[in-house]
Each structure stands twice: as C-alpha cells, then as structure tokens.
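Below, chains carry the letters A, B, ... as their sequence lines are ordered, and counting in each starts from 1. Side chains are part of it too, since the values below use all heavy atoms of this structure and drop only hydrogens, waters and symmetry mates.
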2 protein chains.
Amino acid sequence: MTTTTRPGPRERLLEAARELTYTHGVHVGVDAILSRADVARRSLYQHFGGKDGLIAEMLRTQATADRYRETMDAAGDDPHERVLAVFDELERVTTRPAFRGCRYTAAELALSDLDHPAHAEVRAHKEELHRIFAAELTRHGHPDPEFGADQILVLVDGVLAHAVTRPGAHPALAARVMAETILGPGGTAKPGGTPERG
Amino acid sequence: MTTTTRPGPRERLLEAARELTYTHGVHVGVDAILSRADVARRSLYQHFGGKDGLIAEMLRTQATADRYRETMDAAGDDPHERVLAVFDELERVTTRPAFRGCRYTAAELALSDLDHPAHAEVRAHKEELHRIFAAELTRHGHPDPEFGADQILVLVDGVLAHAVTRPGAHPALAARVMAETILGPGGTAKPGGTPERG
DNA sequence: GGCGCCGTATACCGATCGTTCTATCTACCC
DNA sequence: GGGTAGATAGAACGATCGGTATACGGCGCC
C-alpha cells in the first residue's frame, strides 16, 4: 500500500515531548507523553534511558537555530535586513496564541537540578545562536562582533521572555529599533532617526 | 525577655516560599516549604487556602519593584545615571552564584494553567516596572516614554533571561550600552561613541 | 522452524504530590 | 475559670510521579 508509514516510536516520543513540554512545561508526566505518542512505556526507557534523556534529546534535536538561519536567508543579502528580519519574525511568533516563550529558557528555569542533562543542551543552543549572530556581524564589518552578538541575544531573549510575561506589549517592535542601532549606519534599511512604531 | 520575637506562621511561610521557589522553582513540594518555615500543615491552608494562594501572595508581596526604585534613587538625580544604574545593579545581581533568573518569568513559564492566580501577579509586576520606567523617561523629556519603557523592559528581561541560560556572558554590560542609546544624547554619562566593555 | 529483537500492553513498585482530617496545646479576653 | 481562636503534630486521603517487571505478538534472519 502507498500510505505514508508513520514514524517509529523514537520519533513519535520526541515529537510528543516537543509539543507537551512546550505547552505544559518540562514537568509533564511521562504518562501524558506516552499516550500522546501512542507508544509503550518500555520504549521510552529503551530509547532514552528515562525521562531526563528524552527531554535532553528533544532539546538537542530541536532545530531552532536553523529557523534563525532560514529567516535571515529568506531576507536576502542586505546585512541590515537579514538581522532585522529576525525581529520581524519574532513579532509574528510572539503574537501567536500558542506562543509560550523560549523552550530553552523555560527548561533552564524549571530544572533546578544543575546535573540535569538538559542544561548542557540549553547552553549549547544559546552558544550556537551567539556564533550565528557573531558571524553575521563579522560579515557586516562590525567593530566588535562578539559584543554585538551579546547585544542581539539580549534582545532576542528579552523579546521571548517579555512577550510571555506582558501580553500585548509587542516587545519585538521595541527590540527591532534597538537592533538597528547595533547594526549601525551604512545599511539600506531606514537610515533616518527614530523609526515609527506601528 | 528581650529576644526578638520570631515572625508568625504567615510571614514564615511567605519567606520560606520566597527562598525555596527561587532556588527550586514553583514546583517545590508543600512539605519542603512547611519544614523550612517550621509551620504546621494546617496553617498554610488557614492563611492562604492552599499552595496556589501562597505562591500568588508570595509574588504579590515581593517588593521587587521597590528595589528598582531604590537603585535609581541611590544613583542621584542625573536622568541618565538613574537608568544606567539599574543595569549596573543587574550586572552585580546576575553574577552572583545564587542567581537563578527572574522569579516572575520563571513562575509564568512553569505554571501552564492559565487560571493560576500567580499569572495575575506576574502581569501586575511587569506593568508596574513599565510604569516606573515610563515615568522616569517622561521626566527625562523622552519623545515616547511608553515605547522607551518597552525597550528598557526588553533589556531588563533579556539580561535576566540570558544570564541564566548563558553563564559568563555578562548580558548586563551589553544591555547597558543599548540603554544609553535609548536615553539619547544630552546627559552627563559617557557621551562619546562605543563605550569600553570591561 | 526456531531464535532473537523490537514493540505493545498492563500490572506493579515505592515515593511524593496537594489536601483534609482529628487531636492536643497555648494564649488571650471576658 | 471558661471559652474561643490560632497554632502544632501527625495520620491519612486519593492521585500522580518516574521507573521496573512480566507477558504477549509480530518480524526478519540465519
């Protein structure tokens, strides 16, 4: 038959964990994940060794950094527009009804045990984002790409955090203006003074 | 006798909840809070109706906004310095070993039930911060205090979130430079170009 | 054909969760 | 002194937690 074969238990577990941990936090019960994935209890421990392993692997295989790259690539070649496109995308993402913040930040804050394997994945994710933006700023001829990437990450994390805690605030619009300042003059994007809000 | 009388059960519960929820998240067990506060089980439900009520009241009586006011007041009268002092203080706070991020953001992300009474306290806290900074910018003669306060809050939340997820990044230093841009020219604080990082 | 692997299903484990209950004790006010 | 309110101590509730164990079924591979 030609019906698309459904993924194996491992992929189904990762997908279910992706969905449920985002909406309910990393403290979702394994029973909820199992029934959502339609997978036997034993398969979880066979593939991931336990809930902690599943959470960590879910964060590791979450291709979030790729989405940033795709957003910038879709914005073309103009250096300014590429970075600003990230904040335009953040405005779209943070205003979606299902938006619940950054899953990495949420995992970091929720898991008080510092030995939890998820913490390493959170750090790896943020470091990768830093590399992405630092590389971008280097291509722009930014005088201090490392520091500039620090600034952009503060803006990104600030947007993601603030959008959850203060609904209706549209922090991505506020961050976009600051991002323009970081990128400095010389681009094609809105070179003038204070840009309009709307 | 002249010994200082220890606070009543209600205050002890709030203090224990303050400490334990910050280090272990809002999912700490009731038993841990009770033993830490050295309080009978019944007192918790007598005073707060349950764990949810305790968490919400703990957030409500947390005088975090006052600390922002105190930090700015201690910085004197110069409009720029008052706001920049907040980021200097954030640099100190975020580099402390016990730093575990913003308790309001953590509570918001950890409590998936949108009916939880803590969510209202989180929103109230962020709105109060917005009012504080908007009032500050108004006194500065900022052209758009509401939008400027949005920007400062993105920076503050970004610093608090990023400092937890990427240890050693010193996001407060990166945010301080952006805050200077928001405040605009005309102050006494470092009017020149790109300030030094250290 | 028999063996082993993978997945399912389900029962079960001890531990912990938030909550309710009864009982006892203490302090204060009239 | 009696009564009341507030606090303590501790047992017990049902529910859920993450994890383990047992039994069964399908499949390919030698």
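- One finds a salt bridge joining A/Arg18 and A/Glu15 here, because a Lys/Arg side-chain nitrogen approaches an Asp/Glu carboxylate oxygen to under 4.0 Å.
- You'll find that the side chain of A/Ala40 is closest to C/dT8, out of D/dG19, C/dC21, C/dT8.
- Of the listed nucleotides (C/dT19, D/dA7, C/dA9), C/dT19 has the atom at the smallest distance from the side chain of B/Arg41.
- Nucleic acid contact class of A/Asp52 (heavy atoms, under 4.0 Å, all strands): none.
- One can place CG of A/Leu44 at 10 Å from P of D/dG18, the figure rounded to the nearest angstrom.
- The distance between atom NE2 of A/His27 and atom C1' of D/dA15, rounded to the nearest whole Å, is 18 Å.
- Under 3.5 Å, the side chains of A/Asp150 and B/His170 contain no donor-acceptor pair of N or O atoms.
- Atom CD in A/Gln46 sits roughly 12 Å away from atom P in D/dT20 (whole-Å rounding).
- Listed nucleotides: C/dA9, C/dC17, D/dG18. Nearest to the side chain of A/Lys51: D/dG18.
- Each of B/Thr105, B/Leu129, B/Ile152 was scored for a side-chain contact (heavy atoms from CB on, under 4.5 Å) with B/Asp157, with one residue passing: B/Thr105.
- Minimum atom distance to the side chain of B/Ser43 is reached by D/dA7, of the listed C/dT20, D/dA7, C/dT8.
- A donor and an acceptor atom, one from each side chain of B/His119 and B/Glu108, are located under 3.5 Å apart.
- Residue B/Gly8 is out of contact with every strand shown, counting any heavy-atom pair closer than 4.0 Å.
- Rounded to an integer number of Å, the gap from CZ of A/Phe48 to C1' of C/dC6 is 15 Å.
- Listed nucleotides: D/dT8, D/dA7, C/dA9. Nearest to the side chain of B/His47: D/dA7.
- Closest to the side chain of A/Tyr45, out of D/dT20, D/dT22, C/dG18, is D/dT20.
- As rounded to whole Å, 10 Å separates atom P of C/dT19 from atom CD1 of B/Ile55.
- With D/dC17, D/dT8, C/dC17 as the choices, the nucleotide that has an atom nearest any side-chain atom of A/Asp31 turns out to be D/dC17.
- At the heavy-atom level, A/Arg10 lies nowhere under 4.0 Å from the strands shown.
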